[in-house]
Structures are given as C-alpha cells and as structure tokens.
Protein chains: 2
Amino acid sequence: MKSSSHRLGDLQLRILQSLWVRPDSSVAEVHAELKPERDLAYTTVATMLRKMEARGLVLHREEGRSFLYRAKVAAAEVSRSVGQHLIERLSAGSLTEAVSHLLTSREVSREELDQLEKLIKEAKRRAQ
Amino acid sequence: MKSSSHRLGDLQLRILQSLWVRPDSSVAEVHAELKPERDLAYTTVATMLRKMEARGLVLHREEGRSFLYRAKVAAAEVSRSVGQHLIERLSAGSLTEAVSHLLTSREVSREELDQLEKLIKEAKRRAQ
DNA sequence: AAGGTAATACTACCATGGTAGTTAATGTGT
DNA sequence: ACACATTAACTACCATGGTAGTATTACCTT
C-alpha cells in the first residue's frame, strides 16, 4: 500500500478536510470555507492547492474558467497516519497511554466520558 | 499561565521527553539515548539543544567541561498542548471524535480496550 | 470594442526544523 | 611535552509549510 507517510501541515490538512466534505470545490469555495478560521488571501489558498497537487494530495479538473479540486488521498488513510503520528509523539506508540494523556490533561465532561465508554463498547463488539 | 503554544518538531519533543526522564543530561547522554531510534551526529543534538535553549525550552548549567541540560517546560504542560493540537487537527476540537478516529483506524487489541475502559471509569470516578 | 472582473500562473519571501561540518578550547594519558 | 579526545561554538545548508504580490489570461457586461 506504499504508505508514503503523509507529513501534512495544519493548513494542508485543513484544506483536505474541507475537500472531503465538499469535493469539487473551486479555490474560491475553499477560501470561503476557511475564511472564518483563517483570514488568508485568495492566492494563498490557490498556491497551497497547487503545491498540494504537485505532492499528489489533491487533483483538479477544469470547469469553465475555474478549477475544481478534490482530495486524491482518502480521509481514512490520512486520519490514520495523522493519528499514528500523534500517538508516536505523545507516548512512543502506546495508544492507551496517549488516551490517558488526553484524558488527564484537559477538562472532560460527563457527556464526553459517556460517549467514550460507548465507543469502547462498540469497538469491543466489533472486535469479536 | 501565558500558554505560549509550544510548537515542537518531532526531534525537539523527543529530546524533551528524554530530559524529563533523565534531567541534567549531557549532550553525550542525550545523544546516546536517542541513538537507537535516530542515528544523529553528536553535533546535531548539541545544536538542537542550543536552539531549544534559545527558545526557552531547556536550560543548562556547567559541570566541569560539559553542559548538563534540563527541560525548562513541564511535561504536563507540553503534553497537554501537544494533545490539544492533535485533537484540533484530527477532529476540529472534539475529543471523542478524535478518540473514535484512533480506535477505528488501527488495530486495537482486547487488552488495550480493557485498559481504555478502565481509564474511562477512573476518569468518571475522579470527576464527581 | 473596451474595460472591469475573476481566475490561474509564476515568483518570491520568510520562519522553522533538522542536519552536520569546521573550528576552537580544554582536558587526559603516555 | 605532545598527541589525542571531548566538548561547545559557530556557521552553513536544505526542505517544507505558509503567505502573498504581481502578471497574465479569459470572460462578461455595457
């Protein structure tokens, strides 16, 4: 599966997330989507998309005067590799230790804990 | 608490982790510690430590001919901020979603799931 | 036809992380 | 005393992510 170790910066990842939700977005659309969080110039987004295409992260097709971009890498794959990298950084590879860090280092609400418990139960069910 | 958003690269974080476990390490000791995972030149580690000291991440004192370094930032604080950043990247701030990603995107053993369950229970107990 | 507008292309720049060589100082052993 | 080893200082370099200005192209409207 060639793995390829996606080493993504924050902005690139954010753009990918946007494209996963809304494929075939024009530069203008991605720019608009990111506007509230990050006030970037239009050309910044355009440049980023071009760089990302050169890296094989996205691709585009022409539609009239504008380019429509879509992610070339799967959300699942990238999330996995981002998560893996996180776990590696946070706790030298131990998932439970990583989660433990997350739990102890921030305020976690009752609801979140309940939800987490449900997640684990589901994972257990799926496991057998 | 000024937060300060520690933006650490992999190597810098790894060096900090090493110093948390063994404070007052010489460059040689840090270098030796990292040797198995990353075969870096001695000078690379030394340079990194100097750069990190300039950023306020570590500090040193002189002991004879060599410098003994120790982390200036607390493990808890850095872990928190690294974890926070991770959650942000992975799932726009939702902890449960982040954990969900981690669970679904990799093989999780029965033992790990049990341990996770225990973690949640403990967190709940602590919460009330 | 002309002028405005929207789009991409190209180029440039900066910061940072990472990597290491070279140099200089200082101590150590024979 | 002299060679050798250890150590830190300085310098340099490269890749990448991020940011945006300027130039060019093409379309649309009046």
Side-chain angles (χ1 to χ4, degrees), chain A residues 4-19 24-35 37-70 73 78 81-82 85-86 88-89, chain B residues 4-19 24-35 37-70 73 78 81-82 85-86 88-89:
Chain A
S4 76
S5 79
H6 304 295
R7 185 171 217 71
L8 300 179
D10 289 344
L11 180 54
Q12 298 192 6
L13 181 57
R14 188 59 193 80
I15 288 177
L16 279 181
Q17 287 165 343
S18 168
L19 290 180
D24 294 300
S25 289
S26 68
V27 176
E29 284 167 331
V30 175
H31 179 235
E33 167 94 12
L34 267 53
K35 189 76 175 185
E37 322 158 30
R38 331 174 60 140
D39 197 8
L40 299 173
Y42 176 92
T43 52
T44 300
V45 178
T47 303
M48 211 64 227
L49 279 167
R50 222 167 327 106
K51 283 188 176 183
M52 288 170 75
E53 182 156 32
R55 277 189 63 187
L57 293 172
V58 303
L59 47 82
H60 81 276
R61 67 185 171 83
E62 238 161 316
E63 177 81 24
R65 54 221 154 278
S66 59
F67 284 7
L68 301 188
Y69 284 91
R70 58 168 55 217
V73 288
V78 173
S81 117
V82 168
H85 184 231
L86 245 276
E88 217 67 62
R89 271 169 70 91
Chain B
S4 74
S5 79
H6 305 296
R7 184 170 219 72
L8 300 179
D10 289 344
L11 180 55
Q12 298 191 7
L13 181 56
R14 189 59 193 80
I15 288 176
L16 279 181
Q17 286 165 344
S18 168
L19 290 180
D24 293 301
S25 290
S26 67
V27 177
E29 284 167 330
V30 175
H31 179 234
E33 166 94 11
L34 268 52
K35 188 77 174 183
E37 323 158 31
R38 330 175 58 139
D39 197 9
L40 297 173
Y42 176 93
T43 52
T44 299
V45 178
T47 303
M48 211 65 228
L49 279 167
R50 222 166 327 106
K51 282 188 176 181
M52 289 169 75
E53 182 155 33
R55 279 189 61 189
L57 293 172
V58 302
L59 47 81
H60 81 276
R61 66 185 171 82
E62 236 161 318
E63 177 81 25
R65 56 217 155 281
S66 59
F67 284 8
L68 300 189
Y69 284 92
R70 58 168 54 219
V73 288
V78 174
S81 118
V82 168
H85 184 230
L86 245 275
E88 218 67 62
R89 271 170 69 90

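Chain naming here is simple, since letters A, B, ... match the order of the sequence lines and numbering starts at 1 in each. Keep in mind that what you see is a predicted model, and the values were worked out from it rather than measured.
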Hey, could you give me each pair passing side-chain hydrogen bond (donor to acceptor under 3.5 Å, both in side chains) that has a residue in residues 58-68 of chain B? Not counting sequence neighbours. B:Asp24-B:Arg61, B:Glu53-B:His60, B:Arg61-B:Glu63
Partner set under salt bridge (charged side-chain N to carboxylate O under 4.0 Å, His left out) for B:Arg50, not counting sequence neighbours: none
A:Gln17: what forms a side chain to side chain donor-acceptor pair (under 3.5 Å) with it, not counting sequence neighbours? none
Note: chain B reaches DNA chain C at heavy-atom distances under 4.0 Å over the stretch, first to last nt, 5' to 3', of C:dG17 to C:dT22
For A:Glu33 and A:Ser18, work out which heavy atoms get closest and say how close. CG-OG, 3.5 Å
Euclidean distance, B:Leu49 CG relative to B:Leu16 CG, rounded to 0.5 Å: 9.0 Å
Would you indicate what B:Leu40 reaches in the nucleic acid, counting non-hydrogen atoms under 4.0 angstrom: base, sugar-phosphate, or nothing? sugar-phosphate
Within the structure shown, what part of the strands sits under 4.0 Å from B:Phe67 by heavy-atom distance: base, sugar-phosphate, or nothing? sugar-phosphate
Rounded to whole angstroms, how far apart are CD on B:Glu62 and P on D:dT6? 19 Å
In short, side-chain hydrogen bond (donor to acceptor under 3.5 Å, both in side chains) pairs touching residues 37-49 of chain A with sequence neighbours left out are A:Arg14-A:Glu37, A:Lys35-A:Asp39
Rounded distance in Å - NE2 (B:His31) to C1' (D:dT6): 13 Å
Want to settle it: does A:Asp39 or A:Leu8 sit nearer the 5' end of DNA chain D, counting the closest nucleotide to each? A:Leu8
Testing the basics here: between A:Tyr69 and A:Val27, what is the closest heavy-atom pair and its distance to 0.1 Å? CE1-CG2, 3.8 Å
Would you give a per-nucleotide map of nucleotides 21-30 of chain D, 5' to 3', where B means the base has a protein non-hydrogen atom under 4.0 Å away, S means only the sugar-phosphate does, and - means neither? BB--------
Which atom of B:Met52 lies closest to which atom of B:Gln12, heavy atoms considered: CE-O, 3.4 Å
